[in-house]
Amino acid sequence: MIRELRTGLLKPLLIAVMLAWPGPDAMAATLKDALAGALARAQIEKPDVSDDSSSWLAGIPSLTASYIDSQESLGTDEAEVMLNLPIKSRSRRRLDNQLADISTRLEHAGNQYQRWLYSGLVRERAWAARLAQVELHAAEEKLATLSSLEQRSAQLSSSGALPAYASLIIQRELVSARMTLDAREADLETRLADYRALTGLNTLPADLSENNTVPGELVYAEHPAMRRLEQARAQEAALLALSAPDSASWNLALVARNFEGPTLEEEQYGMQIQMPLNFLGTKTTGNSSEIRSSRRDFMLARDELWLNLKQQWETTEVQARHLHSRMTLLNQAVALDKRIESHILALRAGNEIEDEILLQRLLDVVDTRAELAITRELVDRNKARLRQAAGWSL
């Protein structure tokens, strides 16, 4: 009966909603396309990780020049030029190579983290818009049902076959349904605007299910957020190791001297090497304190991230179980509604049921079907949230 009660009163509204979409080519868009659009709109500048540093110089060379003018008549004037070259120690070269590898891994981890982060934003906004569409469709069905009943009740009321109060009740429900429809339209427009602002796309993908694959468990070590945190920690540890005394650089000085006097004129060339005694293992209080502080901060950040990921995963799993239970109950309710609907029609034919009760029962049938459709979408959205919680990107 509910199908028969639908009318074409909302056809203009449906056409208006369809015109909001750009066309059939846009309907082929996928969630991956939406993610690509979001990343492009973000315009995040990628860091330059190219290693253009010297493989043997630890710093900028310096030039030292001095001239000493003797005030004695038989004195000797002295001029000296020294080119200082800070040379990387073996430990420093090893740490530099390690830091270059870490920087590459950190960039990769950062890209994966960014993709995962925006995947979550795309998923949430896409599913919010999809749910708004389903709720709008449910409101349209309810309004169509009430519009048909209102037309019938007006005819019966004018002929005296239906009490006036029954027609008034239907009209009141019709006003409420129109208010609900208006709110659902506004909500859908807001959700689509949020989605467009993020992705730059004007339409939702036809399929948001992502093949309905869900992770069986949360693997913390493989989560993009955890990988990014660990690589950032490795980079910080390498940088602190570079500033440790046992990583101090050597200094090679090329020296040129000139001596000029009444009895002496001489030029000298040579070199000078300053080599730190790293084997003594001398530590500085400042460097050791920074290393301990960095490790404490990392441990706290890792524990906090682990707890947040665990809580998000477990909360989503609990929601999944309740949604599946609700789906089972709603399917049972819909099956019962079909039987109730047939009884309502029989009782109505025999004038054994009040019009107000008839209206309420028919609206209950519509509401239950709408709730089942919404719950189906909530189940699929929960699967998307499980993938996000597990660190799966689009």
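Closest approach of A234 and I102 over heavy atoms only: O-CD1, 3.6 Å. What you find for P205 and L31 is that their closest heavy atoms are CG-N, 3.7 Å. Pairing each heavy atom of E135 with each of I374, the nearest pair is CG-CD1, 3.6 Å. Taking every heavy atom of both residues into account, L143 and A177 meet most closely at CD1-CB, 3.9 Å. Across all their heavy atoms, L218 and A389 have their closest contact at CD1-O, 3.3 Å. Shown here for V214 and W392, the closest heavy-atom pair between the two residues is C-CH2, 3.9 Å.
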Please step through side-chain contact (heavy atoms from CB on, under 4.5 Å) for the pair R369 and E141, ending with a clear verdict.
CA-CA 10 Å; R369 291 177 180 173; E141 284 197 69; over 6 Å; no
W116/H223 under side-chain contact (heavy atoms from CB on, under 4.5 Å): CA gap, chis, key distance, verdict
CA-CA 9 Å; W116 169 76; H223 198 284; 3.3 Å; yes
List the steps and the verdict of side-chain contact (heavy atoms from CB on, under 4.5 Å) for D194 and L198.
CA-CA 6 Å; D194 292 341; L198 176 65; over 6 Å; no
L229 and F298: side-chain contact (heavy atoms from CB on, under 4.5 Å), yes or no, with the steps?
CA-CA 8 Å; L229 179 65; F298 166 71; 4.0 Å; yes
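Look at E124 and R381 and you find no salt bridge, because none of the NZ, NE, NH1 or NH2 atoms lies under 4.0 Å from a carboxylate O. Note on D380 versus R376: no salt bridge recorded, every NZ/NE/NH1/NH2 to OD/OE distance being 4.0 Å or above. Ionic pairing of R178 and D182 is not present here: no N-O contact between side-chain nitrogen and carboxylate oxygen is shorter than 4.0 angstrom. Between E210 and R123, at least one side-chain nitrogen of the basic residue sits less than 4.0 Å from a carboxylate oxygen of the acidic one, meeting the salt-bridge criterion.
Cluster annotation: L305 is not connected to L300 through the hydrophobic network of ILVMFWY side chains, with a link wherever side-chain heavy atoms come within less than 4.5 Å. Under the 4.5 Å side-chain heavy-atom criterion for grouping Ile, Leu, Val, Met, Phe, Trp and Tyr, M299 is not connected to I291 through any hydrophobic cluster. Tracing side-chain contacts under 4.5 Å through hydrophobic residues (I, L, V, M, F, W, Y), one reaches L192 starting from L201; they form part of the same cluster. In the hydrophobic clustering of this structure, L378 does not group with L208; members are Ile, Leu, Val, Met, Phe, Trp, Tyr whose side-chain heavy atoms approach within less than 4.5 Å, directly or through other members. The cluster map of Ile, Leu, Val, Met, Phe, Trp and Tyr, joined by side-chain heavy atoms under 4.5 Å apart, puts L309 and W306 in the same cluster.
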Would you list the atom pairs, donor with acceptor, under 3.5 Å between side chains in residues 75-85 and any protein atom, with sequence neighbours excluded?
from	atom 1	to	atom 2	distance (Å)
D77	OD1	S70	N	2.8
E80	OE2	R257	NE	2.3
E80	OE2	R257	NH2	3.0
N84	ND2	S62	OG	3.3
N84	ND2	T64	OG1	3.2

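Judged by distance alone, the side chains of D101 and T104 never bring a donor and an acceptor atom under 3.5 Å apart. In this model, no donor atom of one side chain and acceptor atom of the other lie less than 3.5 Å apart for S119 and R115. No side-chain N or O of Q133 forms a donor-acceptor pair with one of H137 less than 3.5 Å apart.
Here the side chain of D207 pairs no donor or acceptor atom with the backbone of T30 at under 3.5 angstrom. Here the side chain of N331 pairs a donor or acceptor atom with the backbone of M327 at under 3.5 angstrom. S293 places no side-chain N or O within 3.5 Å of a backbone atom of S289 that could act as its donor or acceptor partner. Here the side chain of N308 pairs a donor or acceptor atom with the backbone of E304 at under 3.5 angstrom. A side-chain donor-acceptor contact under 3.5 Å links R41 to the backbone of A197.
One distance of note links OH of Y113 with CZ of R227; it measures 15.0 Å at 0.5 Å rounding. Atoms CD and CZ, on E140 and R184 in that order, are 11.5 Å from each other to the nearest 0.5 Å. To the nearest 0.5 Å, the span separating CG on L239 from CD on E290 amounts to 11.0 Å. A distance of 13.0 Å separates CG in L117 from CD in Q112, rounded to the nearest 0.5 Å. Distance check, rounded to the nearest 0.5 Å: CD of E236 to OG of S294 gives 3.0 Å. In this structure, the separation between CG on L394 and CG on D33 is 10.5 Å, given to the nearest 0.5 Å.
Between S209 and K383 there is no side-chain heavy-atom pair separated by less than 4.5 Å. L242 is listed as a side-chain neighbour of D96, based on a closest heavy-atom distance under 4.5 Å.
Considering L329, L330, V334 as possible partners of Q332, the one that fulfils the side chain to side chain contact (heavy atoms under 4.5 Å, CB included) test is L329.
Residue I60 places its CD1 atom among 12 or fewer non-hydrogen atoms of other residues, nucleotides or ligands, all under 6.0 Å distant. Residue Q311 qualifies as open at atom CD: its count of foreign heavy atoms under 6.0 Å is 12 or below.
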